[in-house]
**Student:** 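The following block contains the structure, expressed as structure tokens.
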Amino acid sequence: MEETRGQLEASVGFWMGITYRKLSTMLQQRLRPYGLTPEQWSVLYTIQRSDRLIQKEIAELTHKDKPTTTRILDQLEEKGFITKKVGELDRRAFVVHATDKGREVIKETASIEQSLSEEVRSIMTDEEYRLLINILLRVHDHVDAKLQS
């Protein structure tokens, strides 16, 4: 038992996964009154920031696969947060726009995501936070390169 616990304590993937799920649960609880999940929020936020994106661009910017992006876009459209229109240059692609309702909900909820980030930052120094972000980016880039090869 002790050896297994020691292996778990040293497992980067395990702790990154646990931490991600807990942070996601916190954000989900705070977004629930607005009818958004964290996944939906990140996609809607991306759309609202860069209007006129196509699904492929949204998937790339949010680091989600195409089926997941399609599902989220359908959910956001059902809730009235976005509209999809056939592209002028490529009729197979949909251009996605945030609706007034979508822009308003992002305006109301941006502080929720920001407060969660600030809450995490509050338990470490600025230097530790920068180091954490740099390490996470290095891990991300390494894993991404391995998956691409």
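Only a predicted model underlies this, so the values are computations on that prediction, with no experimental measurement involved.
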**Student:** What heavy-atom pair brings Ile72 and Gln40 nearest, and what distance separates the two atoms?
**Tutor:** CG2-CA, 3.8 Å
**Student:** Please determine whether the number of non-hydrogen atoms from other residues, nucleotides or ligands lying under 6.0 Å from atom CZ of Arg71 exceeds 12.
**Tutor:** yes
**Student:** Please examine the side chains of Ser117 and Glu113, heavy atoms only from C-beta on, and report whether any two atoms are closer than 4.5 Å.
**Tutor:** yes
**Student:** According to ring pair (Phe, Tyr, Trp, His ring centres under 6.0 Å), does anything in residues 123-149 pair up with another residue at least two apart or in another chain? List the pairs.
**Tutor:** His63-His140
**Student:** If you look only at pairs with a residue in residues 20-57, which of them pass as a ring pair (Phe, Tyr, Trp, His ring centres under 6.0 Å), with sequence neighbours excluded?
**Tutor:** Trp41-Tyr45
**Student:** With sequence neighbours left out, write down each residue that passes side-chain contact (heavy atoms from CB on, under 4.5 Å) with Glu104, or none if nothing qualifies.
**Tutor:** Lys107, Glu108
**Student:** Determine the sole option in Val95, Val96, Val43, Ile58 for which the side chain to side chain contact (heavy atoms under 4.5 Å, CB included) test with Leu53 is passed.
**Tutor:** Ile58
**Student:** Any idea which heavy atoms bring Leu132 and Met124 closest together, and the distance?
**Tutor:** CD2-CE, 3.9 Å
**Student:** Determine the minimum heavy-atom distance between Ser24 and Pro38, stating which atoms define it.
**Tutor:** O-CG, 3.6 Å
**Student:** Rounded at 0.5 Å granularity, tell me how far OG1 in Thr68 sits from NZ in Lys66.
**Tutor:** 12.5 Å
**Student:** Do you know the tightest heavy-atom contact between Ile82 and Glu77?
**Tutor:** CG1-N, 3.5 Å
**Student:** So which heavy atom on Leu44 is nearest to which on Ala98, and how close?
**Tutor:** CD1-CB, 4.5 Å
**Student:** Are any non-hydrogen side-chain atoms of Met26 and Glu119 less than 4.5 angstrom apart?
**Tutor:** yes
**Student:** Any salt bridge linking Arg138 with Asp141? Criterion: basic side-chain nitrogen under 4.0 Å from a carboxylate oxygen.
**Tutor:** no
